[in-house]
Amino acid sequence: MKTNEIRNKFLKFFEKKSHVIWPSDSLVPQNDPTLLFTGAGMNQFKDMFLGKGNLKFKKATTCQKCLRTGDIDNVGKTASHHTFFEMLGNFSFGDYFKKETIEWAWEFLVQELKIPEERLSVSVYKEDQESYEIWAKHIGVPKPRIYQYGEKDNFWPANAPLLGPNGPCGPCSEIFYDQGEKAGCGRKECEPACDCDRFVEIWNLVFTQYDRTEGGKLVPLPHKNVDTGMGLERMARVIQGVQTNFDIDIFNPIIKSLEEITQLKYNGQIENAMLMRRIADHVKACVFCISDGVLPSNEGRGYVERRLLRRAIRDGTQLGVTDCFLYKLVPVVSNVMQEYYPDIKQRRENIARIVKSEEEKFHETLELGTARLKELMDALQKNRQKFLSGQEAFKLYDTYGFPLDMTESILNEKGFTVDKDGFENELKKQRLQARTSSQMTGQVFDTGPLSKIKDISKGTEFLGYNECACEAKIIALIQGDQLVDKVIAGSEITVILDQTPFYGESGGQIGDTGVLESNGNHVRITDTKKNNDFILHIGKVVKGELRTGSLVHARIDTQRRDSIRKNHSATHILHYVLRKVIGQHAEQAGSLVTPDRLRFDFHHFSGLTKEEILRIEDMVNEIILENVPVAVKELSIQDARNAGAMALFGEKYGELVRMASIGDFSKELCGGTHVNYSGEIGLLRIIGESSVAAGIRRIEAMTGIAALNRYREKERILQEMCDILSTSEDKLIPKAQDLLSELKNLHKEIHKVKQKEIRGKIDSFVENAKEVSGVKIIARKLEDATVDDLRKTIDILMKSAKEMAIVLGTAQDGRVTIVAAISPGLVKRGLHAGAVSKEVAKLVGGGGGGRPDMAQAGGQWVDKLDEALRFATELLSKKLLDGVS
RNA sequence: GGGGACGUAGCUCAGUCCGGGAGAGCGUCUCGUUCGCAACGAGAAGGUCGGGGGUUCGAUUCCCCUCGUCUCCA
C-alpha cells in the first residue's frame, strides 16, 4: 500500500465517522509567536481544546505537515527519525472520548490497513483504568499485550503532572506494531518500552482531560478532548514491510536520484546510507519550508532552514559531490509529494532556484574557511607546532561556519591534529551562555489577555468591505498587557469591538486609522492590528473615558483608506503584469500596502533592466486606463482554485475564501480592500527596484495623487535648478557640466597660485631661519592654508638644509592648526615633534601629538598663534642648546 | 533570545592593535607600442572609510548606539 493511499484511507475513514477533513496548517504557525515551526497536528486547534475556538465542528481529521529539529542528530541513523514528517490525526473538541477513539483506532488498523491483530500491542497510563478496561474488555486485546506505564511514557505533555507546564494535559494510550523477535534485542521479556527496534510506536491517542494548575494539581476539564497522532512515514514503513522509513515509496525516488548523483550504491547498512537518508530528509524539509514562505536567512526560521540545507550539502561532500546538487532533488521531491501538495509542484522551479543559490553561498563560506585554515597551518608550520588549539578550531566553526570534521581532515592530510576536547569545551561554554540567557517560556497554551477575551467572544466581525462607519460594542479594553474595565483621557489603549469598519493589518495591507466616539468621549485610533479572529484598535483616549460594554461610533479615515485601496488593487495588477513580463515564476514573496506607497517583493534571480521596468509600468497603466471592474466574491477554496486564482506562498486559507479579480486579468485570493474600477487608481509609477534576499527582488511604487505629487515635486526641483543656474530645462545638463569643469579648473588654478605663493615664502623662511648649533629652526605662520598646504611646505623646506626643526601654523575658520617636523638626525638625538607640538599647542588652547619626525596639533585661540610660534622658536633653541641627546 | 566576525574605490582586499598624509591588485577611461588581437608601457578618473552620537586640538582607527551581511548556540 502506497503512502498516499494510507493518507487518503485515514482521512476518508474519519470522514465516514463524521469528522471534517481539515487542511494542514502551514509549517509557519499562524498567530503563534511561541513556536518556530508547526510540530504537531493539534497546534492549530489549541483554542478549540480550550473551548475558545470558533470552528463550527467538534470532530476533525488532518494530515499535518510537521517540522521538528529536536532529534536532528538521530536523523538518518535510526529507522524513523525525521525533521520533516506528516502526522495523521483525529480530534475531538468536547465530543467523543476514550471509547470511540480506541474503537476507531483499532478498526482502522485491523480492518482498513489489515494489520494482523497479534502484531499489535498497546500501552496505557498506569492510573488510567478506564482506557485499560476498554482495551481489555471492549476490544479484547489479550492482557499480556496491554502495558501500563508511568507519566514519562503515557502522559502528555510528558511528565506534566510533576514538571508542568500548566494547562491542558492528560493520559495517553499508545499502539505498537511488533516487528518480531528478530528485529530487536532478542530478549524474551522485550516489551514496547524497550530501547530496541522490535516494537514500533505507530499511534498515540491523547486524552486531554485535565487542566494542570500551579503546584501540579490536575483539575478535570469541563469538556474533554481527544488528540491523536500517527506518523505517516512510520505507518507506511510498517505496512510496506521495509526496514526504515527511508525505504518507503515516497523516499525511494529521492534515494535513487542520490545514487545517480553520487555514483554510489545505497546500502542500508553502511555509513554512506546514513548520509543519503539524512540528505533525503533535509532536502524534503527544506522544500516544504520554502513552499511555506520560509527563505534561508541568518535568523529564526530561516536560519533553521539554512542549517538543514548546509548539513545536507556537507553530507553530499562526504559522499564525494563537490558541485551543487541539492537543487536537482527538488523536482524529485515535488514529484512524490505532488498528489497531496500541488503547491509544491507549481513552485518547484522557484524552490530549486532558492536551494541552488543557498548551495552556492555555502560553497563560498567553505572556501573562505579553507583559506583561513591554510593561514593557521602556515603559522603552525612556522612555529614548528603540530596541534591546532581548540579555541582556534572553535573560532573557525563559530565565526566562519567551518565544520570541525572538515578542519580535522584537512589538518590530518598535512600531518597536523586538532585539540578536540578544547573545541568541545568552547562549545559547552557557548551553550551554557545561550541557555542561561534564553527567554523561551515552554508555555504550550497562551495565557495572555487575549486568551481571556476568547472566553467571552469568538472574534470581531469586520464590516469594512462595505462600511466606513458603524455602531459597535466594546468587548474588551487592554492597557499594557492587562484587561481593564475603564480607561480615562490620556491613556494609550487597545480596544476590541464586537464589529468594526477598521481593517486590521494583514495580507500586507496596513491597518486603518480613525476615531471611536460616544457622547463626549473621543478616542483616536492610530493603528489597527489583527490577532486570530480579533481586530485590535490601538490608540489614545483624547477626551472622556471608555468602559467595557458601552457603545461607540467607530469611523475610519476614509481618505486614507481610499489611498490604501488604490495601492492594494495596483499591487494585484503589478503582480499580474510582472509574471507576464518576466515569467510565471515571479510570484509574490511579500507585500506592504500603505496609503503613501506600495512595496512588492517577488521571486526573481536577477535585477530588472530599465526596459523591463518601463514595460511593467506601461502595462500596469494600460490596465488602469482600461477602467476594468474589480470584483470581490466569496467562494470555496476549491472553486477559487478551479477559477485559476493565485494563492500565496505560505498562506493558509480556510474553506471559504475571498477572491479579487481585476477585469479578466488578475485573480488572487485576498482578504484586503479594493477599488471598484481599475481607473480609480489613476496612475502608477515605479519609484525603485532593489534586492531583498537571494532570489527575491523588490519593487516600490506610488499611485494616484501621491504619484502625481511626487512628480510635481521633481518638476519643482528641476525648475528651481534652472532658476538658480539661470538657464532653461533643455540647457540644464550642459550648463551644469560646464560649471563643474570650470569649478575644477578654478580649483587647480587656486592650487597653483598657492603653491607659487608658498614657494615665494619658502626662500624668505629659509633666509630668516634662526640657526642654533648648525640646526635651522623655522617657526612661521602661513595665511589661509590647509593642513595639506602646511605639510607640503614642510616637505619642501626640509630639502633646504640637512638638520632642521620646523613648526608651521595657520589660522582658519577660527581654529589654529600647527604642524611640526624634525629632521632624522635630530630625531636620533632625542628631539620629538610630537612633544614639541604638544607644548606649543598649549598656548593656543589645544593639544597635539604625533610621530617623532612629524606631528600635528590644533587649538582654538587664533590670536595667540604668533605668540605660540615665537615660543616654539625659543623652545627648540633651548632644547638644542641644552643638548637633547 | 544570547555570542563572535565583517562593512574602506566598480570588484577582491590591505591599513585599524599603538589616533595625526586613504592605499594595492583587478576593472574602467586616455595616450603610446602593435598590421590586428592578446600582452606590455605611461597617465587619469573613481572614496560621506555602512549610518548616527561621544571622547579628542584632531577619528577610517578608541567608546556607545544603529543598520546590513556572515556565522555559532538556544
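Proteins get letters first, then strands, A, B, ... in listed order; numbering begins at 1 in each.
Counting only N and O atoms by type, the side chains of A/Thr83 and A/Asp281 include a donor and acceptor under 3.5 Å apart.
Taking the charged nitrogens against the carboxylate oxygens, A/Lys792 and A/Asp788 do have a contact shorter than 4.0 Å, which makes a salt bridge. Comment: A/Glu505 engages A/Lys529 in a salt bridge, judged by a side-chain N to carboxylate O separation of less than 4.0 angstrom. Remark: A/Lys781 engages A/Asp866 in a salt bridge, criterion side-chain N to carboxylate O under 4.0 Å.
In this entry the distance linking NZ of A/Lys429 with C1' of B/rC72 reads 14 Å, nearest Å. At whole-Å resolution of the value, CD in A/Glu426 and P in B/rG2 are 21 Å apart. Rounding to whole angstrom units, CG of residue A/Asn425 and C1' of B/rC72 are separated by 16 Å. A/Ile72 has its CD1 atom 10 Å from the P atom of B/rA74, to the nearest Å. Regarding A/Leu396, its CG atom lies at a distance of 12 Å from the P atom of B/rC72, rounded to whole Å. When rounded to the nearest whole Å, the span between CG of A/Leu36 and C1' of B/rC73 equals 13 Å. Counting to the nearest Å, the C1' atom of B/rC72 and the CD atom of A/Glu299 are 14 Å from each other. The separation between A/Leu366 atom CG and B/rC70 atom C1' is 13 Å, rounded to whole Å.
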Report each atom pair, protein N/O against N/O of nucleotides 3-9 of chain B, whose distance is under 3.5 angstrom.
residue: B/rG3; atom: N2; partner: A/Asp398; partner atom: OD1; Å: 2.6
residue: B/rG3; atom: N2; partner: A/Asp398; partner atom: OD2; Å: 2.7
residue: B/rG4; atom: O2'; partner: A/Thr399; partner atom: OG1; Å: 2.8
residue: B/rG4; atom: N2; partner: A/Thr399; partner atom: O; Å: 3.1

Please tabulate the protein-to-nucleotide N/O contacts below 3.5 Å involving nucleotides 44-49 of chain B, giving atom names and distances.
none

List, with names and distances, any nitrogen or oxygen atoms from the protein found under 3.5 Å away from nitrogen or oxygen atoms belonging to nucleotides 14-21 of chain B.
residue: B/rG20; atom: N7; partner: A/Gly849; partner atom: O; Å: 2.7
residue: B/rG20; atom: N7; partner: A/Gly850; partner atom: N; Å: 3.2
residue: B/rG20; atom: O6; partner: A/Gly848; partner atom: O; Å: 3.3
residue: B/rG20; atom: O6; partner: A/Gly849; partner atom: N; Å: 2.2
residue: B/rG20; atom: O6; partner: A/Gly849; partner atom: O; Å: 3.0
residue: B/rG20; atom: N1; partner: A/Gln856; partner atom: O; Å: 3.1
residue: B/rG21; atom: OP1; partner: A/Arg791; partner atom: NH2; Å: 2.4
residue: B/rG21; atom: N2; partner: A/Asp795; partner atom: OD2; Å: 3.0

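For the C1' atoms, the distance linking B/rC29 with B/rA22 amounts to 22 Å, nearest Å. If you take atom P in B/rA38 and the same atom in B/rG27, they sit 11 Å apart, rounded to whole Å. For the C1' atoms, the distance linking B/rG53 with B/rC11 amounts to 32 Å, nearest Å. Look at the C1' atom in both B/rA14 and B/rA74: the space between them is 37 Å, to the nearest Å. Across B/rC67 and B/rU48, the matching C1' atoms stand 16 Å from one another, rounded to whole Å. Using atom P as the reference point in both B/rC63 and B/rG68, the two lie 22 Å apart (nearest Å). One P atom belongs to B/rG7, the other to B/rC17, and the distance between them is 14 Å to the nearest Å. Rounded to the nearest Å, the gap between the P atom of B/rG50 and that of B/rA45 is 23 Å.
Side-chain contact between A/Gln856 and A/Arg791 is present, with heavy atoms from C-beta onward closer than 4.5 Å. Two residues are said to be in side-chain contact when any heavy atoms from C-beta on lie closer than 4.5 Å; A/Leu36 and A/Leu67 fail this criterion. In this structure the side chain of A/Leu309 reaches within 4.5 angstrom of the side chain of A/Pro296, judged on heavy atoms. A 4.5 Å side-chain heavy-atom check between A/Leu592 and A/Phe600 finds every atom pair outside the cut-off.
For B/rA24, the paired base is B/rU12 (Watson-Crick or G-U wobble, both distances below 3.5 Å). B/rU69 is paired with B/rA5 under the criterion used here, namely a Watson-Crick or G-U wobble arrangement in which both key atom distances are under 3.5 Å. Nucleotide B/rG32: paired with B/rC40 (Watson-Crick or G-U wobble, both distances less than 3.5 Å). The nucleotide B/rU61 finds no pairing partner, because no Watson-Crick or G-U wobble arrangement with both distances shorter than 3.5 Å includes it. B/rC18 is unpaired under the Watson-Crick or G-U wobble criterion, no partner having all donor-acceptor distances under 3.5 Å.
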Taking it one step at a time, do A/Leu368 and A/Tyr400 satisfy side chain to side chain contact (heavy atoms under 4.5 Å, CB included)?
-> CA-CA 8 Å; A/Leu368 284 175; A/Tyr400 300 97; 5.9 Å; no
Trace of the side chain to side chain donor-acceptor pair (under 3.5 Å) decision for A/Asp405 with A/Gln318 | CA-CA 10 Å; A/Asp405 54 346; A/Gln318 299 275 2; 3.0 Å; yes
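Residue contacts shown for A/Tyr303 include a base, since a base heavy atom lies under 4.0 Å away. Residue-level contact check: A/Arg306 touches the backbone only, with heavy atoms under 4.0 Å from sugar-phosphate atoms and none from bases. In this structure, A/Thr817 reaches neither bases nor backbone, as no heavy-atom distance under 4.0 Å exists between it and the strands shown.
A parallel orientation is assigned to the rings of A/Phe84 and A/Phe288, their planes being inclined by less than 30° (bins at 30° and 60°). Ring geometry, A/Phe394 versus A/Tyr397: the interplanar angle falls from 30° to 60°, so the pair is classed tilted.
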